[in-house]
Amino acid sequence: MRVAESACQFESKRGKTAVPLRSHLDVMPVHVLLEGTGPQIPAHLTRIPISLITTSTDVTDKIVKGKVVHKGPLVPLNNDSFILKMVIQEDSMLNSSSQNSSVNVVLFGSLAKNFSQSANQGVLRPVLPNPRSPPANKRRSPVSAELSSAKAPKYTYAKLDSLKAGSVVNVYGVVVFFKQPFKSRGTDFCSSLKITDHSNEKIGCTIFCEKLEDHPKIFRNGDIVRMHRVKAQVFNKSITLVNTFGFSVVTFDGVKGAPVEPRTSSRSFHFDPDDQRTVEELRSWAASQALFASVTSTVPLSAVQPKAYFDLTCQLLAKAPVDTTCTLLRVWDGTRCPHTLLKVIVEPHVTEGQLSFSKERENLIADVLVYDNHVEVARKLKPGVFLRIYNLRAIAGSSTVPGLTRSQLQVDHLAFHLHGGTSYGRGIGILPDNSPDVQELKRVIEAFQENDEEALSELNDSDLLEVWKTPPESLDGETLDCSTERSCGHDMQKVTLSEVKRSGLGRVHHVRAQLKAYEPHRLHEALKLYCSKCKSMQDVPDDELLESIFSEASKDCGPCSPPPWVLSGQVSLPRHAPGPSNRALTVYLLTQLMFEGKTKDVILLMGSTLEEMCQLMASYQNIIPVRASGGHLSLFDLSAPFLFRGRKRYYGCKRCSKAAVREQSWEGVEMIDEKIIAEALGIQPLQFILLMKLELQDATDTLDVFMWRHAESFFGVSAEDASANQEAQNSICQIMDSLCPPGGNVGQHPWLDLCLMAYQAEDDDGQTKTCYQVCHTTVVKPSSE
DNA sequence: GTTTAGGGTTGG
């Protein structure tokens with residue numbers, strides 16, 4: 001049957017609604033008529049009994065009238081439209097013959113949507129004409145005044161021990177296990193839960209929904225769920241429930257005596273006194289049962305036991321990505337953990353939320369590392385949000401954690417890990433502000449915050465005393481020209497170096513100091529190669545070492561059978577090149593690139609000296625040094641650069657690379673650069689960095705700080721450029737000379753405004769000590785003074 | 001009217 005340009009009327013809770021509709025269109029508005037006004041059915045329509053409708057009936061300008069005995073779910077279609085099926089049954093008084101008294105009706109688009117929202121099963125009075133032909137019948141449709149007074153039908157709920165495979169049912173249950181929704185491999189998030197009821201049957205449920213808000217809002221075991229339209233299936237010889245079309249779920253707190261407040265994202269849902277009673281009965285029953293002798297339980301930080309798994313209800317204060325598989329969540333619950341807490345060091349500029357806290361507050365903050373699948377969930381969290389972290393693990397003892405330092409060791413500190421996966425319900429759940437647990441948490445936190453402020457004001461008094469003792473030139477006063485400026489945007493007071501040394505757990509400090517000394521003085525010693533994967537650092541090999549590697553390798557350039565995807569050839573060195581005249585070197589060209597006219601983009605070069613290699617750089621964009629090893633083409637040992645590109649040399653990490661000459665498709669590659677080549681060769685590239693130790697001085701003390709991560713922005717020069725470019729090198733040297741003039745009096749050195757970050761690191765003896773790094777600071781160029 | 005997952009910890 002086609003539903004087309006027509007009108008549909010029905011009674012709703014708000015009154016009578018007339019929905020003009022047009023087939024396949026969603027543009028018609030809904031008109032809500034006041035109670036008591038009659039349905040306005042166009043005069044040309046004629047009512048016919050449903051029993052007379054056949055597939056060959058001409059239903060032009062005909063209407064039917066009846067009660068909605070089935071209202072299907074609103075089903076979204078791909079094109080943002082909807083479809084809804086209903087069954088209309090004719091009033092029995094008009095249809096004494098019992099045959100064919102009902103008809104299936106399919107609604108489309110906004111009509112389906114409006115119908116779904118406004119109409120209840122049993123109270124609907126639709127009219128179904130066909131508008132295709134012009135009005136023919138002038139007879140007024142016999143709209144009856146007596147509307148159906150049938151009540152909305154009650155939902156029936158299946159007991160969990162009576163589920164039949166294949167049936168679609170509604171159920172109530174007490175949650176005995178649950179996982180927070182997690183991303184499935186398909187299109188949806190998946191919730192996994194297990195419920196039980198008076199029958200004591202425990203039934204696993206799997207809920208797939210694309211939207212998180214449509215998932216059951218379960219916060220703890222004992223919560224009560226009511227699910228509509230779940231399908232019983234057999235899996236592993238047990239009945240399980242899976243959501244099916246029209247699924248909806250409402251969750252209630254399982255605490256006996258608590259208000260029965262439904263948690264749901266459904267815009268409207270059925271709830272009557274019977275539901276109220278069911279929830280209360282389940283609560284009472286559950287309270288008398290040992291339903292979940294749970295492995296984990298909600299524990300405040302003050303009661304955390306090392307090695308234990310537990311659920312933590314807390315507030316998120318700040319977060320920071322540590323690496324791609326790990327994110328740091330800084331949380332608190334207002335209680336103090338009796339164990340020393342491990343502090344993870346991250347850079348301030350990647351931190352979201354408050355960067356530093358008073359010492360008192362810092363003692364209450366737990367650093368939680370969340371891994372793998374939880375990283376994506378953590379990404380969406382905003383500082384301030386209340387969380388429950390499920391199946392968190394507290395681990396005591398020395399732990400190596402990812403972070404700024406290469407191996408940061410904090411002995412006997414308690415670390416919190418949310419390991420990857422969802423086993424045992426592992427996950428992060430957001431608690432709504434109105435949940436009783438959050439209300440309770442807020443009370444504890446607010447009490448602390450008052451104390452915190454008192455403590456802070458005391459601290460400020462002592463700071464003031466310190467100020468009096470400090471010589472004026474090292475304080476805020478902006479009376480001095482500074483050669484550096486901060487770009488961090490932290491809003492904090494400057495402190496003296498002696499205060500920095502005393503401030504223990506503080507993370508970021510602003511200081512004004514002079515550069516007393518620094519090392520190394522020779523720039524090439526400050527240049528290092530750093531592996532972002534294994535965090536190792538090494539010196540850049542000097543030319544002497546490279547020359548010997550090349551000369552050693554040139555002895556291995558005997559006969560070699562190249563792979564089929566290269567063409568071997570000879571290349572002559574430029575005439576002015578030193579060394580044996582007319583010396584020709586073996587090169588290998590990549591046939592695929594030759595076909596694309598990019599012959600000179602990449603070549604493999606065999607048997608050259610370092611100097612010859614450099615000569616050839618004028619003619620080729622990328623040269624990969626190779627040698628013959630056992631008659632096969634192979635790469636150099638990674639002590640040497642794997643690639644020469646312009647004046648730059650690129651190195652790979654010996655530990656993290658699986659280097660080999662192998663075929664690679666260059667199709668679609670716009671620009672062949674060091675990254676693409678490293679990837680093609682299975683090389684983990686090393687990054688050039690600058691590393692210096694600076695000795696700072698102010699009126700109160702001296703302090704050694706490192707310049708590393710932020711060295712490039714400090715100097716305005718990239719370390720990679722500094723590795724190859726004389727101009728970049730000069731720039732760095734000139735800056736250091738101006739900040740710390742050779743031979744001068746330290747008192748006359750320029751003052752520097754610096755942002756320092758403190759972190760824990762292990763020294764050579766395995767001792768943990770506090771180190772400092774210059775961050776978010778740049779040199780003020782002379783031109784801008 | 002499709003798919004996803006189908007509880008059960010070791011590990012940064």
Side-chain angles (χ1 to χ4, degrees), chain A residues 72-78 82-85 106 165-166 168 175-196 202-212 214-216 218 221 229-247 292-296 306-311 321-328 342 344 367-375 378 389-403 405-410 415-427 533-535:
Chain A
L74 185 65
V75 179
L77 300 174
N78 288 338
F82 296 92
I83 190 169
L84 181 145
K85 182 190 155 182
V106 180
V168 174
V175 175
V176 292
F177 170 80
F178 67 102
K179 287 181 179 185
Q180 292 299 310
F182 57 93
K183 201 96 187 83
S184 74
R185 283 178 223 272
T187 57
D188 300 333
F189 283 95
C190 175
S191 286
S192 185
L193 52 145
K194 188 168 272 181
I195 58 173
T196 189
K202 305 222 174 11
I203 301 291
C205 312
T206 306
I207 308 300
F208 294 107
C209 291
E210 208 169 357
K211 292 182 191 154
L212 281 173
D214 294 337
H215 281 259
I218 302 167
N221 284 334
R229 289 162 291 258
V230 282
K231 188 175 193 174
Q233 298 182 338
V234 176
F235 178 77
N236 278 349
K237 295 176 186 165
S238 318
I239 287 279
T240 57
L241 291 170
V242 182
N243 61 315
T244 184
F245 304 99
F247 166 78
F292 22 84
S294 81
V295 192
T296 58
K307 286 174 135 175
Y309 288 97
F310 65 106
D311 298 341
V322 173
D323 58 44
T324 53
T325 65
C326 180
T327 291
L328 169 67
L342 179 126
V344 181
D367 280 3
V368 176
L369 291 165
V370 310
Y371 294 92
D372 304 339
N373 51 317
H374 311 301
V375 167
I389 305 177
Y390 298 92
N391 198 239
L392 190 57
R393 178 107 205 252
I395 301 179
S398 33
S399 305
T400 309
V401 297
T405 57
R406 269 169 286 167
S407 61
Q408 176 198 22
L409 202 65
Q410 296 177 4
F416 298 96
H417 297 265
L418 184 67
H419 295 300
T422 63
S423 303
Y424 281 87
R426 220 176 260 160
K533 196 166 179 190
C534 69
K535 315 289 183 199

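Just so it is clear, the values below take in all heavy atoms, side chains as well, and ignore hydrogens, waters and symmetry mates. Just so we're on the same page: letters track the sequence lines, and every chain starts at 1.
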Whole angstrom is fine here: how far is it from CG in A/Asn221 over to C1' in B/dG8? 13 Å
Under 4.0 angstrom between A/Ser423 side-chain N/O and B/dG8 OP1 or OP2: yes
For B/dG8, measure the glycosidic angle (O4'-C1'-N9-C4 for a purine, O4'-C1'-N1-C2 for a pyrimidine) and name it syn if it falls within 90° of 0, otherwise anti. syn
What are the two closest heavy atoms between A/Ile389 and A/Val368, and how far apart are they? CD1-CG1, 4.3 Å
B/dG6 P sits how many Å from A/Lys237 NZ, rounded? 20 Å
Whole-Å gap separating P (B/dG11) and NE2 (A/His417): 12 Å
Once side chain to side chain donor-acceptor pair (under 3.5 Å) is applied, do any residues pair with A/Asn373, and if so which ones, sequence neighbours excluded? none
Whole angstrom is fine here: how far is it from CD1 in A/Ile203 over to P in B/dG6? 17 Å
Pairs touching residues 184-194 of chain A that satisfy side-chain hydrogen bond (donor to acceptor under 3.5 Å, both in side chains), sequence neighbours left out: A/Ser191-A/His215
Taking only the side-chain heavy atoms of A/Lys179 (C-beta and beyond), determine which of B/dA5, B/dG12, B/dG8 contains the nearest atom. B/dG8
What's A/Gly420 touching, base or sugar-phosphate or nothing? Going by heavy atoms closer than 4.0 Å. base
A/Leu392 CG to B/dG11 C1', straight-line distance once rounded to whole Å: 13 Å
Note: for A/Phe208 and A/Thr325 on DNA chain B, the residue whose nearest nucleotide lies more 5' is A/Phe208
Between B/dT2 (C1') and A/Gln233 (CD): distance, integer Å: 13 Å
Compare the ring of A/Tyr371 with the six-membered ring in the base of B/dG12 and state whether they stack (centres under 5.5 Å, planes under 30°). yes
Reckon A/Arg185 has a side-chain N or O less than 4.0 Å from the OP1 or OP2 of B/dA5? yes
If the C1' atom of B/dG6 is compared with that of B/dT10, how far apart are they to the nearest Å? 23 Å
Search all heavy atoms of A/Asn391 against all heavy atoms of A/Leu418 and return the closest pair with its distance. O-CD1, 3.8 Å
Check every atom of B/dG1, B/dT9, B/dG12 against the side chain of A/Asp372 and return the nucleotide holding the closest atom. B/dG12
Using 30° and 60° as the class limits, which term best fits the ring planes of A/Tyr371 and A/His417: parallel, tilted or perpendicular? parallel
Does A/Gln180 reach the side chain of A/Arg426, with side-chain heavy atoms less than 4.5 Å apart? no
Integer-rounded Å distance: B/dA5 P and A/Gln180 CD: 18 Å
With a 4.0 Å limit, can you tell me whether A/Tyr424 has a side-chain N or O closer than that to the phosphate oxygens OP1/OP2 of B/dT9? yes
So what does A/Asn236 hit on the nucleic acid, given a heavy-atom distance under 4.0 Å: a base, only sugar-phosphate, or nothing? nothing
Of the nucleotides B/dG6, B/dT4, B/dG11, which has the atom closest to the A/Phe182 side chain? B/dG6
Side chain of A/Lys194 - closest among B/dG8, B/dG12, B/dA5: B/dG8
Report the nucleotide, chosen from B/dG12, B/dT3, B/dT10, that has the shortest atom-to-atom distance to any side-chain atom of A/Arg393. B/dT10
A/Lys231 atom NZ is separated from B/dT3 atom P, nearest whole Å, by 11 Å
